[in-house]
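If you read the sequence from its start, that first residue is 1, and numbering goes on from there.
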Amino acid sequence: QVQLVESGGGLVQAGGSLRLSCAASGRTFSSYAMGWFRQAPGKEREFVATVTRNGAITDYSDSVRARFTISRDNAKNAVYLQMNSLKPEDTANYSCAAALAPSRGANGYRYWGQGTQVTVSS
């Protein structure tokens, strides 16, 4: 079992940057692909980014590609989401999740964190 705890959210002005972190418990972190999802009030959960178990391959939604970067450090049991050029429409609760294989679908993820709120002001 993997427990995930996100941090790094907050309030930032449009054009600014934030770096989200997701700390994982357990010795099997490197066995899982990791993903970031977000959900804004009144909207469905949305795929943001995913990374393979060894960090070699990443995938992004079109809405964040070239602005966000997902990375992981298996030695630290952590995955990160560097968010640059933030826009008000990026405002959401961001959650990390663990899956046996990278996926854009939330159903593919077995373990989820509670999320961290990101608010981008205009």
Closest non-hydrogen atom pair, [X] against [Y]:
{"X": "Pro102", "Y": "Thr52", "result": "CG-CG2, 3.8 Å"}
{"X": "Ala14", "Y": "Ser122", "result": "CB-CA, 4.4 Å"}
{"X": "Ser95", "Y": "Trp112", "result": "CB-CE3, 4.1 Å"}
{"X": "Tyr60", "Y": "Thr69", "result": "OH-CA, 3.4 Å"}
{"X": "Glu6", "Y": "Gln114", "result": "OE1-N, 3.2 Å"}
{"X": "Ala24", "Y": "Phe29", "result": "CB-CD1, 3.3 Å"}

Just verifying a value: how many Å separate [X] [atom1] and [Y] [atom2], rounded to the nearest 0.5 Å?
{"X": "Gln39", "Y": "Asn93", "atom1": "CD", "atom2": "CG", "result": "8.0 Å"}
{"X": "Cys22", "Y": "Trp36", "atom1": "SG", "atom2": "CH2", "result": "5.0 Å"}
{"X": "Leu20", "Y": "Gln117", "atom1": "CG", "atom2": "CD", "result": "10.5 Å"}
{"X": "Met83", "Y": "Leu18", "atom1": "CE", "atom2": "CG", "result": "4.5 Å"}
{"X": "Arg72", "Y": "Asn54", "atom1": "CZ", "atom2": "CG", "result": "8.0 Å"}
{"X": "Leu81", "Y": "Met34", "atom1": "CG", "atom2": "CE", "result": "11.5 Å"}

Within-4.5 Å side-chain heavy-atom neighbours: [X] and [Y]:
{"X": "Val118", "Y": "Thr91", "answer": "no"}
{"X": "Val51", "Y": "Ile57", "answer": "no"}
{"X": "Arg38", "Y": "Ser63", "answer": "yes"}
{"X": "Tyr111", "Y": "Gln3", "answer": "no"}

Side chain Arg110, main chain Ala99, donor-acceptor under 3.5 Å: no
Exam field: side chain Asp90 to backbone Thr119, donor-acceptor pair closer than 3.5 Å: no
Residues Asp62, Arg65: salt bridge by 4.0 Å N-O rule: yes
Joint hydrophobic cluster, Ile70 plus Tyr109, side-chain heavy atoms closer than 4.5 Å: no
Hphob cluster co-occupancy, Phe68 + Phe37, side-chain heavy atoms under 4.5 angstrom: no
Over 12 foreign heavy atoms within 6.0 Å of CZ, Arg53: no
Cation over ring face, Arg19 and Tyr80, 6.0 Å, 45°: yes
Working for side-chain contact (heavy atoms from CB on, under 4.5 Å), residues Asp59 and Arg104: CA-CA 8 Å; Asp59 186 27; Arg104 291 187 167 207; 2.7 Å; yes
